[in-house]
Number of protein chains: 2
Amino acid sequence: MLAARKNPKRSATRLRDPERTRERLLQAAFCEIYRSGFQSAGLDTILASAGVTKGALYYYFKSKQALGYAVVEEVIGPDNYAEWVRPLQSGKDPIDTLIGIVRGISVRPEDVRGGCQLINLAQEMSPLDAGFRKRLAIIFHTWREAVASVLREGQTHGRVRRDVKPADAAGLLIAMVEGYGSLAKNAQDPKVMKAGIRNIVDWLKSLRAPGNRKRG
Amino acid sequence: MLAARKNPKRSATRLRDPERTRERLLQAAFCEIYRSGFQSAGLDTILASAGVTKGALYYYFKSKQALGYAVVEEVIGPDNYAEWVRPLQSGKDPIDTLIGIVRGISVRPEDVRGGCQLINLAQEMSPLDAGFRKRLAIIFHTWREAVASVLREGQTHGRVRRDVKPADAAGLLIAMVEGYGSLAKNAQDPKVMKAGIRNIVDWLKSLRAPGNRKRG
DNA sequence: CTGCCAACATACCAACCAGTATGTATTTTC
DNA sequence: GAAAATACATACTGGTTGGTATGTTGGCAG
């Protein structure tokens with residue numbers, strides 16, 4: 001009976017719920033960091049937003065830094081994976097998929113104003129904290145590799161131009177996305193992001209192998 | 001005698017020198033902000049680095065915010081102007097000039113690690129402080145307009161492809177530069193910036209009008 | 001029923017930080 | 001050369017911050 005006594009039927013009226021408390025902390029920290037950056041995000045504000053107290057925070061995380069690391073690994077990483085990596089595994093035409101993802105980037109004013117959380121943290125913490133830097137670098141690497149590999153595969157299927165260097169193109173795509181994100185964040189104007197998306201999409205189209213053109 | 005009594009012959013042994021003190025404060029603030037961001041830059045650290053005391057700081061600036069604004073207007077703005085706008089006024093082939101500027105971007109490890117001060121501040125302060133945002137937006141606008149106008153002029157001289165939209169191309173160029181800057185800052189690796197520069201240069205070359213190709 | 005431990009809550013602290021009040025030495029003005 | 005204004009230096013403060021030490025409560029094992 002090795003599986004016995006697992007998941008001990010969570011009572012609905014449970015007053016303390018460890019998993020939820022931790023999750024709430026992560027989400028609240030994510031939001032506060034998104035708002036004002038990691039260094040300027042106050043613990044008290046995070047705690048108020050999460051609806052818990054310092055005791056809970058320091059029960060689950062040994063420091064503010066550890067909380068930040070967890071946000072990177074458990075929130076920002078998975079978010080980026082869901083938005084960029086998973087869709088690329090659909091097996092469809094890589095350029096079509098990439099265009100779809102880029103067109104799907106949010107242009108809602110509040111998202112444009114906030115920018116991309118990944119680049120926000122990378123910008124702020126990379127030179128200051130090696131732990132942040134490495135964890136964020138892993139996300140960038142995963143992202144880049146996912147794009148590069150799908151482009152490589154696209155080349156073998158004759159869908160992507162042969163003279164395109166997958167790793168370079170992937171890096172350029174990410175640089176464009178993040179660069180426009182920053183410009184739009186400063187401009188606080190969805191139009192800037194929309195124009196950026198159009199330009200990126202046009203560039204993506206230019207990667208198609210001849211004879212594999214689509215309309216639109 | 002309307003011009004009398006101007007520039008009252010500064011004595012060489014002057015103990016107090018208002019202009020220098022202010023300048024030192026600006027430079028020290030610039031460096032500290034470059035290091036740790038505006039919010040996390042401590043006044044005491046700035047003062048120690050400038051070699052003056054709080055009295056001097058609050059004599060010239062009414063608040064830390066005002067000091068930050070001055071750094072944007074009097075240091076970051078002119079820096080960007082000198083690096084991007086002035087070279088474009090040489091009257092030479094615009095693409096050549098742009099390639100020269102991009103190739104001239106520093107790839108020294110310490111510069112790569114620190115990133116671009118303009119984007120650093122824009123990322124950090126745009127959503128938080130309208131005063132910063134507007135001042136930085138002006139710099140971005142000047143930058144973009146300078147590139148766009150030189151591309152437009154290049155089109156009339158047959159040096160730039162007619163199907164290029166100057167404003168869009170200028171925005172894309174800036175997004176690429178800043179995007180790669182951020183990626184390299186996170187990677188802390190000059191190779192990333194060097195690869196970025198190559199890709200940007202390749203893209204710039206693709207803007208040349210047919211029949212106006214150069215080698216290299 | 002009881003002890004025990006996980007899961008928090010509360011109260012507190014030392015460090016830091018922007019800003020100020022005040023003092024003072026140097027120039028400039030008359 | 002005295003008064004006034006400039007150009008700072010020093011000492012201090014009130015508020016905030018990350019972190020800790022300790023208290024409390026719910027739930028489960030025995």
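Each chain gets a letter, A, B and so on, in the order its sequence line appears, and its residues count up from 1.
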- Sequence neighbours left out, what passes salt bridge (charged side-chain N to carboxylate O under 4.0 Å, His left out) with B:Arg144? Give chain and number order. none
- Message: Less than 3.5 Å apart, any donor N or O on the side chain of B:Gln39 or A:Gln39 sitting next to an acceptor on the other?
- Response: no
- Residues which pass side-chain hydrogen bond (donor to acceptor under 3.5 Å, both in side chains) with A:Ser36, listed by chain and number, not counting sequence neighbours: A:Glu32
- Listed once per pair and sorted, the salt bridge (charged side-chain N to carboxylate O under 4.0 Å, His left out) pairs that draw on residues 78-90 of chain A, sequence neighbours left out: none
- Task: Would you please confirm or rule out a distance under 4.0 Å between OP1 or OP2 of C:dC8 and any side-chain N or O of A:Thr21?
- Result: yes
- Query: Which residues pass the side-chain hydrogen bond (donor to acceptor under 3.5 Å, both in side chains) test with B:Arg133, sequence neighbours left out?
  - Reply: none
- Rounded to whole Å, the CG-P distance (A:Leu67 to D:dG19) equals 10 Å
- Message: For DNA chain C, which residues of residues 52-66 of chain A approach it to below 4.0 angstrom with any heavy atom?
- Response: A:Val52, A:Thr53, A:Lys54, A:Gly55, A:Ala56, A:Tyr59, A:Tyr60
- Rounded to whole angstroms, how far apart are CG on B:Leu47 and P on D:dA11? 15 Å
- Message: List the residues meeting salt bridge (charged side-chain N to carboxylate O under 4.0 Å, His left out) with A:Glu153, not counting sequence neighbours, and say none if there are none.
- Response: none
- Message: I'd like to check the side-chain contact (heavy atoms from CB on, under 4.5 Å) partners of B:Asp189; sequence neighbours left out, ordered by chain and number.
- Response: B:Ala187, B:Lys191, B:Val192
- Query: In residues 24-43 of chain A, what residues come within less than 4.0 Å of DNA chain C, judged by heavy atoms?
  - Reply: none
N/O donor-acceptor pairs under 3.5 Å from side chains in residues 170-184 of chain B, not counting sequence neighbours:
unit_1: B:Tyr180; atom_1: OH; unit_2: A:Leu172; atom_2: N; d: 3.1
unit_1: B:Tyr180; atom_1: OH; unit_2: B:Asn199; atom_2: ND2; d: 3.1
unit_1: B:Ser182; atom_1: OG; unit_2: A:Gln123; atom_2: OE1; d: 2.8
unit_1: B:Ser182; atom_1: OG; unit_2: B:Glu178; atom_2: O; d: 3.3

